Student: 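Starting off with a structure, shown below.
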Protein chains: 2
Amino acid sequence: MSESRPRIVPEATVARLAVYLRVLAGLADGGRSSVSSGELASAAGVNPAGLRKDLSYLGPCGVRGVGYSVAGLRERLTEVLGGERSRPCVLVGIGRLGSALADYAGFASRGFQFVGLLDSDPRTVGTEVGGLPVHPAEELEVVVARTGATIGVITTPAEVAQAVCDRLVAAGVRSILNFAPVALTVPAGVDVRKVDLSVELQVLAFLDQQRDGSAPVVTALRADARESVR
Amino acid sequence: MSESRPRIVPEATVARLAVYLRVLAGLADGGRSSVSSGELASAAGVNPAGLRKDLSYLGPCGVRGVGYSVAGLRERLTEVLGGERSRPCVLVGIGRLGSALADYAGFASRGFQFVGLLDSDPRTVGTEVGGLPVHPAEELEVVVARTGATIGVITTPAEVAQAVCDRLVAAGVRSILNFAPVALTVPAGVDVRKVDLSVELQVLAFLDQQRDGSAPVVTALRADARESVR
DNA sequence: ACGTGTGAATCTATTCACAGCC
DNA sequence: GGCTGTGAATAGATTCACACGT
């Protein structure tokens, strides 16, 4: 049961709402009861005006001349991001990166929850990571069916990523987060999001090189994934 | 010594150039000598016209009516992204995520190279990850000085990330990739890029929720980190 | 007076469509 | 004929500036 009028929230805003939620949790722990956009923005590493616009997509949730109620805003963001319940999520490929992600399930950030871990290495299968047992890769379909997972995370080697993806989709998963360095092909209606850690480093290396004096090519350096510099 | 005229390359383009480079490496291994923008684009998961525009920032590098030379384009991209040499890079926090990244150094994608690993856990110090020994955190300044690293990657817990960042900056690091879920404060002239894995999952969960029928808030679903759906 | 909420302006990025060359 | 290279058009995100409520 959500009340306020349904507006359109840009994807870039959704990502920042998750950050605001985390900052608010910290403020609440510190006993704070209200915040201004300026303070919240600086803690989140964004521009205050941008933060206010982000929040405005959820309808008015602050008090003019005063600021935002920490508890109230936190509740509103949780409602919007998490929905009523966390969405069940399976993770395929429990290597180092997969394990790191599984641990994130511990402080289960709102919105998702790992309900199944899968791996093809017999030495990993049967162990526990982040409080969950690792199942053999063959059981992928069974685990997805049993848990009703609609989200899948792929942290396998690149060679098997497409095959895993196909099986996830066939099993009913509709949203995929892909950490393998390949472009996945999926049928329409399935949403794939990609994170490429090595590319992040290469971009940073490129920008670093640019400033080192002898820059062969010049970049437009824009505030993209860049944080506040004060 | 780089020849062609220096243009301005948008950051979003730089990220994709790294992807093209990886795809080209695969094509070269497969014995291919030329590719069309359409084929390359589909393998990279982007729009063909966008790919051509990306490449156009480097000056003409294809042959009209024919396509791109795999070897030639690969060389050009390597030159632009990697500069002449890979940039030295230290990694602080050798937990699961840090180890996963250190392994990436193995197939050292062009542009960067890990030259120092640091951790504060005595059980981790002294071990080897990805072929490199892990040094105690106290030696951070020494390692940065000795290796001449200008890039630092932070994969520590959030609580210590700002302190590590301050030490990196003081030691001379000018570009930082931050995986800790906090907004880092740095002096002007230092570039911080942030990757927040938990936020990626929360965004995916939100989008997934949107399509599940009862959507409390509607999103503008745009082609951002989304891959090709064919 | 203070700080939110938001239209307008700006800047960036993506997509289209076609001219130009092989 | 086919495919690159690119200006023009479109869409998206960020920032500004100020009106509005308390």
Side-chain angles (χ1 to χ4, degrees), chain A residues 4-5 7-17 19-20 32-42 44-70 72-73 76 203 218-230, chain B residues 4-5 7-17 19-20 32-42 44-70 72-73 76 203 218-230:
Chain A
S4 61
R5 85 211 91 151
R7 303 200 188 177
I8 288 176
V9 183
E11 208 170 300
T13 292
V14 175
R16 286 187 298 259
L17 293 182
V19 176
Y20 305 154
R32 292 288 302 277
S33 64
S34 87
V35 244
S36 67
S37 63
E39 197 178 354
L40 230 185
S42 122
V46 301
N47 176 306
L51 178 139
R52 292 200 298 275
K53 186 170 269 300
D54 283 342
L55 294 182
S56 77
Y57 290 112
L58 316 179
C61 37
V63 183
R64 295 184 191 227
V66 179
Y68 300 91
S69 150
V70 170
L73 187 53
R76 184 81 185 94
V203 171
V218 187
T219 337
L221 48 99
R222 290 286 125 241
D224 191 284
R226 190 163 297 117
E227 293 182 0
S228 65
V229 177
R230 73 172 187 205
Chain B
S4 61
R5 84 211 92 152
R7 301 198 190 180
I8 288 178
V9 183
E11 208 171 298
T13 291
V14 174
R16 286 186 298 259
L17 293 181
V19 175
Y20 306 153
R32 293 287 304 276
S33 65
S34 85
V35 246
S36 67
S37 64
E39 197 178 355
L40 230 185
S42 122
V46 302
N47 177 305
L51 179 137
R52 291 201 299 275
K53 187 169 269 297
D54 283 342
L55 295 182
S56 78
Y57 290 113
L58 316 179
C61 36
V63 184
R64 294 180 192 230
V66 180
Y68 300 91
S69 149
V70 170
L73 187 53
R76 185 78 185 95
V203 172
V218 188
T219 338
L221 48 101
R222 290 286 125 240
D224 190 283
R226 190 163 299 117
E227 291 182 3
S228 64
V229 176
R230 73 170 186 210

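In what follows, every heavy atom counts, from backbone to side chain, and hydrogens, waters and symmetry copies are set aside. Source: prediction; values computed, not measured. Just so it is clear: chains get the letters A, B, ... in the order the sequence lines come, proteins before strands, and each one is counted from 1.
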Student: Any idea which of D/dG5, C/dT4, D/dT14 is nearest the A/Ala12 side chain?
Tutor: D/dT14
Student: Nearest-Å distance, CG (A/Leu40) to P (C/dT4)?
Tutor: 9 Å
Student: Could you tell me how far apart B/Asp54 (CG) and D/dT6 (P) are, to the nearest whole angstrom?
Tutor: 13 Å
Student: For a quick test of reading the model, state the closest non-hydrogen atom pair linking A/Ser34 to A/Arg32 and the distance between them.
Tutor: O-NH2, 2.9 Å
Student: Who are the salt bridge (Lys or Arg N to Asp or Glu O under 4.0 Å) partners of B/Arg52, not counting sequence neighbours?
Tutor: none
Student: Can you name the residues that form a side-chain hydrogen bond (donor to acceptor under 3.5 Å, both in side chains) with B/Ser69, not counting sequence neighbours?
Tutor: none
Student: Within the structure, does a side-chain N or O atom of B/Ser37 lie under 4.0 Å from either OP1 or OP2 of D/dT4?
Tutor: yes
Student: Can you list the residues that meet the side-chain contact (heavy atoms from CB on, under 4.5 Å) rule with A/Ser36, with sequence neighbours excluded?
Tutor: A/Glu39
Student: Distance from A/Thr13 atom OG1 to A/Leu51 atom CG, nearest 0.5 Å?
Tutor: 10.0 Å
Student: C/dT4 C1' sits how many Å from A/Leu58 CG, rounded?
Tutor: 14 Å
Student: Quick one, give me the B/S/- string for nucleotides 16-22 of chain D, reading 5' to 3', where B means a protein heavy atom under 4.0 Å from the base and S means that only happens at the primed atoms, P, OP1 or OP2.
Tutor: BB-BBBS
Student: Look at B/Tyr68 and C/dC22 and indicate whether a side-chain polar atom (N or O) is within less than 4.0 Å of OP1 or OP2.
Tutor: no
Student: For B/Ala44, which residues count as a side-chain contact (heavy atoms from CB on, under 4.5 Å) partner, sequence neighbours excluded?
Tutor: B/Val19, B/Tyr20, B/Val23, B/Val46
Student: Please report, rounded to the nearest Å, how far the P atom of D/dG7 is from the OH atom of B/Tyr57.
Tutor: 11 Å
Student: Can you tell me how far P of D/dA11 sits from CD1 of A/Ile8, to the nearest Å?
Tutor: 14 Å
Student: Just how far, in rounded Å, is P of D/dG5 from CG of B/Leu55?
Tutor: 7 Å
